[in-house]
Amino acid sequence: MLLGAKLRMFRERGGITREAAGERIRASASKISRMELGRVGFKLRDIEDLLELYNVTDTKVLAEFREAVSESNRPGWWKEYGDFLPKWFIRYVGFEEAADQIRIYESQFIPGLLQTEGYAREIISGGSEPDPVVEQRLQARLTRQKHLEDVNKRIWVILDEAAVRRPIGGRERGPEIMPGQLRHLIHLCENYKNVTLQIVPFEVGAHAAEAGSFTVLRYDDHTLTDIVWIERLTDGEVMDKPTEVEIYSKAMTRLSVSAATPDETLSMLKDMLKDLEEG
């Protein structure tokens, strides 16, 4: 994405159309568009030809591009799970990996980044007996949670109260799963400075995200736009149009105002845990 954004910057600076750029590398204008959006891989020869067309001669810049091409084509950790994860979700994981800030609103469940192993296994398996596919997807989800250890990656999660109170595991496994999940959320609140957690209490009523869950990914490099991720049962959608992103970003801001503060959220979680343990 970063490489593509910089290519677009140099192309526009030189007043060169996508059609002209495509002709230079024996490709279409749509291929140039996909390259600039970071949606296709890169060949070093194509990048060098484009930079020559764009009259980029600075040796330092050229070296940075060569290194970036090598890095962008290097398989990410998630490729290991490619046979077990949907292709549309693998694409999202790449966006998430590169993000500097992950902002999540979840209305139904604890989001994957914050799930305990027991909670995650129950969600992925749908309550059925685990199988090899479930276990591989579980490992992929737990590997994603390394973001929590990256102090430079900011994670801000707003949960509907229903998402926290939903008894995952039912009567049989819920009494074991839910207390552990709540303790994990409390631990994150108390010990992870890069993680902010808020709960929207039932008493708030209708709020800014009645349409459902979504994620906003933000990149510190200003050449990259924020993107919104909407996940459905059979696929997911990446939105990067500024007008759409702005709507979801504003919704997230309004949610943060409606939600309990981080300190109030911590107190709510402790009260919920106490109710489970005493019940």
Side-chain angles (χ1 to χ4, degrees), residues 1-79 87-104 147 150 152-154 156 214-231 235-253:
M1 289 173 59
L2 182 58
L3 184 59
K6 288 183 176 179
L7 281 175
R8 182 179 68 249
M9 178 186 70
F10 283 121
R11 179 182 61 76
E12 292 176 343
R13 184 180 296 175
I16 298 168
T17 65
R18 289 192 178 95
E19 288 76 11
E23 289 179 4
R24 183 57 177 264
I25 63 170
R26 301 155 299 281
S28 64
S30 62
K31 171 69 177 294
I32 296 297
S33 178
R34 292 195 299 273
M35 290 175 66
E36 292 178 350
L37 291 171
R39 293 177 177 173
V40 294
F42 298 100
K43 294 180 180 179
L44 180 58
R45 178 182 173 182
D46 288 344
I47 298 300
E48 290 177 337
D49 286 347
L50 288 173
L51 292 177
E52 182 179 357
L53 176 65
Y54 302 161
N55 198 31
V56 178
T57 58
D58 187 304
T59 55
K60 182 179 179 181
V61 173
L62 294 173
E64 289 175 349
F65 264 95
R66 292 189 186 98
E67 182 179 352
V69 170
S70 176
E71 183 176 347
S72 69
N73 290 326
R74 188 177 301 126
W77 62 262
W78 54 93
K79 297 295 185 181
K87 290 183 179 180
W88 53 265
F89 185 71
I90 290 176
R91 181 186 177 208
Y92 166 72
V93 173
F95 284 123
E96 183 183 83
E97 185 78 7
D100 295 289
Q101 184 181 93
I102 303 171
R103 296 184 291 171
I104 301 169
H147 295 319
D150 183 353
N152 296 314
K153 191 181 289 283
R154 301 175 300 282
W156 175 19
F214 63 93
T215 297
V216 180
L217 301 179
R218 173 162 289 178
Y219 305 88
D220 287 347
D221 191 300
H222 297 301
T223 59
L224 299 178
T225 61
D226 294 357
I227 67 172
V228 173
W229 170 254
I230 305 291
E231 188 169 332
D235 62 9
E237 180 181 3
V238 172
M239 297 187 292
D240 56 8
K241 292 182 180 179
T243 53
E244 294 176 330
V245 173
E246 183 179 9
I247 290 171
Y248 281 92
S249 295
K250 286 182 176 179
M252 183 68 78
T253 299

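The first residue in the sequence is number 1, and the count goes up from there. All values derive from a computational prediction rather than experimental measurement.
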By side-chain contact (heavy atoms from CB on, under 4.5 Å), which residues pair with [X], not counting sequence neighbours?
X: Val245; value: Asp226, Val228, Ser249
X: Ala98; value: Tyr219
X: Glu19; value: Thr17, Ala29

Non-neighbouring partners of [X] that pass salt bridge (charged side-chain N to carboxylate O under 4.0 Å, His left out), sequence neighbours left out:
X: Glu97; result: Lys146
X: Asp220; result: Arg154
X: Asp100; result: none
X: Asp235; result: Arg232

Are Ile25 and Met35 close enough that some pair of their side-chain heavy atoms sits under 4.5 Å apart?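 In contact.
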Drop me the distance from [X]'s [atom1] to [Y]'s [atom2], to the nearest 0.5 angstrom.
X: Ile104; Y: Met252; atom1: CD1; atom2: CE; value: 8.0 Å
X: Leu217; Y: Ile227; atom1: CG; atom2: CD1; value: 4.5 Å
X: Glu23; Y: Ile32; atom1: CD; atom2: CD1; value: 10.5 Å
X: Ile90; Y: Lys87; atom1: CD1; atom2: NZ; value: 8.5 Å

Minimum heavy-atom distance between Lys153 and Glu96, given as atom pair plus value: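 In this case the closest contact between Lys153 and Glu96 is NZ-O, 3.4 Å.
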Qualifying residues under side chain to side chain donor-acceptor pair (under 3.5 Å), relative to Glu246, sequence neighbours excluded: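 Per chain and number, Glu246 pairs via side chain to side chain donor-acceptor pair (under 3.5 Å) with Lys250.
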Can you sort out the partners of Ser33 under side chain to side chain donor-acceptor pair (under 3.5 Å), two or more places apart, ordered by chain and number?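 Partners of Ser33 by the side chain to side chain donor-acceptor pair (under 3.5 Å) criterion come out as none, since no residue qualifies.
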Could you tell me which residues satisfy ring pair (Phe, Tyr, Trp, His ring centres under 6.0 Å) with Trp229, sequence neighbours excluded, listed by chain and number?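 Partners of Trp229 under the ring pair (Phe, Tyr, Trp, His ring centres under 6.0 Å) test: Tyr92.
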Considering only distance and modelled atom types, tabulate donor-acceptor pairs under 3.5 Å from the side chains of residues 1-16, sequence neighbours left out.
unit_1, atom_1, unit_2, atom_2, d
Arg11, NE, Glu36, OE2, 2.6
Arg11, NH1, Ile16, O, 2.9
Arg11, NH2, Glu36, OE1, 3.2

Mind listing the side-chain donor-acceptor pairs of residues 40-57 below 3.5 Å, one per line with the distance, residues two or more places apart or on another chain?
unit_1, atom_1, unit_2, atom_2, d
Glu48, OE2, Arg66, NE, 3.3
Glu52, OE1, Arg24, NH2, 3.4

